[in-house]
Amino acid sequence: MKIATWNVNSLKVRQQHVIDWLEASGTDVLCLQELKLTDDKFPRAELEEKGYRSWFAGQKTYNGVGIVVRAGLNVDEDSVVRNIPGFEDPQQRVIAATIEGVRIVSAYFPNGQAPGTDKFAYKLRWLAALHDWVASEMARSPKFALLGDYNIAPEDRDVHDPKAWEGQNLVSPEERAEFVRLIALGLTDAFRQFEQPEKIYSWWDYRMMAFRRNAGMRIDHILLSKALAEICTSCEVDKVPRKWEQPSDHAPVVAQLG
DNA sequence: ATGGCTTATGTGATAAGA
């Protein structure tokens with residue numbers, strides 16, 4: 001099973017990219033973030049036509065997450081959960097489903113704006129709630145995968161210019177500590193399981209020709225429980241869709257299970 | 001240089017992203 005995560009920065013604008021990339025990559029389960037549309041605007045029928053079923057939690061203008069699954073894969077309908085249970089939040093940032101016995105979570109972590117702001121405090125509250133919920137999910141589902149836009153670059157090697165970014169949003173010690181706390185639950189960063197070239201990133205600012213300069217950050221991740229990490233044979237960032245016309249500022253991250 | 005693009009909303013300027 002090939003699983004992937006992609007922040008599409010508006011599914012309305014990126015609908016054709018998603019369809020093209022699904023077919024080109026052979027992905028079985030695609031976790032989407034930043035749909036930026038309400039549920040009635042989700043292109044469910046269009047994806048169905050191409051052979052994929054979808055589950056999603058959308059809202060107007062901002063956020064919104066989904067899981068797109070190749071038809072034929074077994075999805076437990078009763079397993080679908082939207083948002084972090086017990087964490088009151090109007091922002092649609094989490095959806096989970098059990099697919100072929102694998103607990104899949106698609107998550108859009110808060111951006112946080114800057115340390116010291118209200119949005120940053122919300123990010124830390126959200127991370128704490130996610131941590132506790134993930135712990136309980138892992139206890140129930142040994143095959144567990146947390147995919148999404150984490151809005152955290154875990155280490156300096158995940159940042160094009162660590163000196164310039166030191167202490168700032170996405171790399172601050174508080175955020176990185178929360179990432180480490182997730183890892184401490186028994187999760188593995190699938191990307192770092194394998195030898196990788198240097199300077200691999202998953203997001204590049206639209207401005208300043210950042211993509212051409214490879215001035216990016218690795219903030220989109222696939223974390224796997226032990227049972228899945230053991231059967232994971234590859235994990236890569238696919239930069240190709242970032243070169244397409246009118247691209248998302250994020251590239252998809254893909255992991256092969258089994 | 002705290003901007004530089006891109007998107008949504010809505011029809012023009014603002015908010016938000018990272």
Side-chain angles (χ1 to χ4, degrees), chain A residues 5-18 21 31-43 56-66 89-94 106-127 130 147-179 191 199-221 237 239 241-253:
Chain A
T5 180
W6 195 6
N7 178 325
V8 290
N9 184 21
S10 168
L11 183 57
K12 183 186 172 190
V13 176
R14 240 65 68 182
Q15 179 178 325
Q16 194 57 48
H17 283 200
V18 167
W21 187 77
C31 294
L32 297 172
Q33 300 89 35
E34 279 210 269
L35 305 179
K36 293 188 172 180
L37 43 72
T38 47
D39 286 350
D40 58 303
K41 301 279 198 327
F42 190 99
F56 41 86
Q59 68 177 85
K60 197 174 177 180
T61 311
Y62 302 118
N63 310 309
V65 288
D89 193 351
Q91 302 187 35
Q92 302 299 308
R93 296 184 175 279
V94 170
S106 176
Y108 176 44
F109 291 42
N111 172 280
Q113 193 172 55
T117 63
D118 288 350
K119 286 177 183 173
F120 192 82
Y122 162 69
K123 184 178 193 172
L124 294 180
R125 277 204 315 279
W126 188 94
L127 282 162
L130 180 79
L147 303 89
D149 175 359
Y150 283 57
N151 272 316
I152 301 172
E155 300 177 60
D156 280 355
R157 60 178 166 163
D158 301 313
V159 182
H160 72 280
D161 187 349
K163 274 220 170 107
W165 277 87
E166 193 176 357
Q168 295 200 53
N169 195 42
L170 312 183
V171 307
S172 72
E174 298 100 309
E175 294 162 75
R176 284 179 167 176
E178 286 296 334
F179 187 88
F191 182 81
K199 303 183 194 307
I200 296 293
Y201 308 122
S202 67
W203 168 82
W204 302 262
D205 201 303
Y206 282 123
R207 299 167 291 187
M208 291 293 284
M209 296 183 291
F211 184 66
R212 266 206 275 177
R213 297 187 293 119
N214 195 29
M217 314 253 268
R218 194 177 69 94
I219 55 176
D220 301 86
H221 308 295
V237 177
K239 281 176 76 167
R242 188 63 174 78
K243 301 170 189 172
W244 291 347
E245 199 175 327
Q246 204 178 5
S248 167
D249 43 358
H250 295 252
V253 183

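Keep in mind that this is a model prediction, so the values were computed, not measured. We use all heavy atoms of the structure for the numbers below, so side chains are in, but hydrogens, waters and symmetry mates are not. Each chain gets a letter, A, B and so on, in the order the sequences are listed, and its residues count up from 1.
Residue A:E174 comes nearest to A:L124 through the heavy atom pair CB-CD2, 4.1 Å, listed as atom of the first residue, atom of the second, then distance. Minimum interatomic distance between A:N111 and A:L170 (heavy atoms only, all atoms of both residues): O-CD2, 4.0 Å. The minimum heavy-atom distance between A:F120 and A:S172, with the atom names listed, is CZ-OG, 3.4 Å.
In this structure, A:Q246 reaches the B:dT7 phosphate: one of its side-chain N or O atoms is under 4.0 Å from OP1 or OP2. Taking side-chain N and O atoms only, A:H250 has a distance below 4.0 Å to OP1 or OP2 of B:dA18. Proximity of A:N151 to the phosphate of B:dA18: a side-chain N or O atom is located under 4.0 Å from OP1 or OP2. Between A:Y108 and B:dA18 there is a side-chain N or O to OP1 or OP2 distance below 4.0 Å. Taking 4.0 angstrom as the limit, A:R14 places a side-chain polar atom (N or O) nearer than this to OP1 or OP2 of B:dT7. Between A:N7 and the phosphate of B:dA18, there is a side-chain N or O to OP1/OP2 separation shorter than 4.0 Å. Regarding contacts with the backbone of B:dG17, a side-chain N or O of A:K119 is found under 4.0 angstrom from either OP1 or OP2. Taking side-chain N and O atoms only, A:S10 has no distance below 4.0 Å to OP1 or OP2 of B:dT6.
Rounded to whole Å, the distance from CG on A:D149 to P on B:dA16 is 17 Å. Rounded to an integer number of Å, the gap from CG of A:D249 to P of B:dA16 is 17 Å. For A:L37 and B:dG10, the CG to P distance is 15 Å, given to the nearest whole Å. Here the P atom of nucleotide B:dA8 and the CG atom of A:L11 are 10 Å apart, to the nearest Å. A:R93 has its CZ atom 11 Å from the C1' atom of B:dA16, to the nearest Å. Spacing between atom CZ of A:R207 and atom P of B:dT7 amounts to 14 Å, rounded to whole angstrom units. In this structure, the CD atom of A:E175 is 10 Å from the C1' atom of B:dA18, given to the nearest Å. A straight line from CZ of A:R218 to P of B:dA18 spans 16 Å, rounded to a whole angstrom.
Of the candidates A:H17, A:Q33, A:E34, A:W6 forms a side-chain contact (heavy atoms from CB on, under 4.5 Å) with just one, namely A:H17. A side chain to side chain donor-acceptor pair (under 3.5 Å) with A:N7 is found for one member of A:N151, A:D149, A:D220, A:D249 and no other, namely A:D149.
Within the 4.5 Å cutoff, the side chain of A:V171 has no heavy atoms near those of the A:E175 side chain.
Looking at heavy-atom distances under 4.0 Å, A:Q168 makes no contact with the nucleic acid at all. At a threshold of 4.0 angstrom between heavy atoms, the contacts of A:D220 with the nucleic acid are absent. Nucleic acid contact class of A:I219 (heavy atoms, under 4.0 Å, all strands): sugar-phosphate only.
In the set B:dT9, B:dT7, B:dT6, the nucleotide with an atom closest to the side chain of A:Y206 is B:dT6. For A:K60, the side-chain atoms get nearest to B:dG10 when compared with the rest of B:dT7, B:dG10, B:dA18. With B:dT7, B:dT9, B:dA18 as the choices, the nucleotide that has an atom nearest any side-chain atom of A:K36 turns out to be B:dT7. Side-chain atoms of A:Y62 lie closest to B:dA15 of the nucleotides B:dA15, B:dG4, B:dA8.
B:dA15 and B:dG10 are spaced 14 Å apart, taking the C1' atom of each and rounding to whole Å. On the P atoms, B:dT14 is 13 Å away from B:dG4, given to the nearest whole Å. The gap from the P atom of B:dG12 to that of B:dA1 amounts to 36 Å, rounded to the nearest Å. For the C1' atoms, the distance linking B:dT7 with B:dA18 amounts to 14 Å, nearest Å.
Of the two residues contacting DNA chain B, namely A:N9 and A:M217, the nearest-nucleotide position lying further toward the 5' end is that of A:N9. Mapping A:Q91 and A:P247 onto DNA chain B by nearest heavy atom places A:P247 closer to the 5' end of the strand.
Side-chain N/O atoms of A:N111 and base N/O atoms of B:dA18 include a donor-acceptor pair closer than 3.5 Å.
Side-chain atoms of A:R218 do not come within 3.5 Å of backbone N or O of A:S202 as any donor-acceptor pair.
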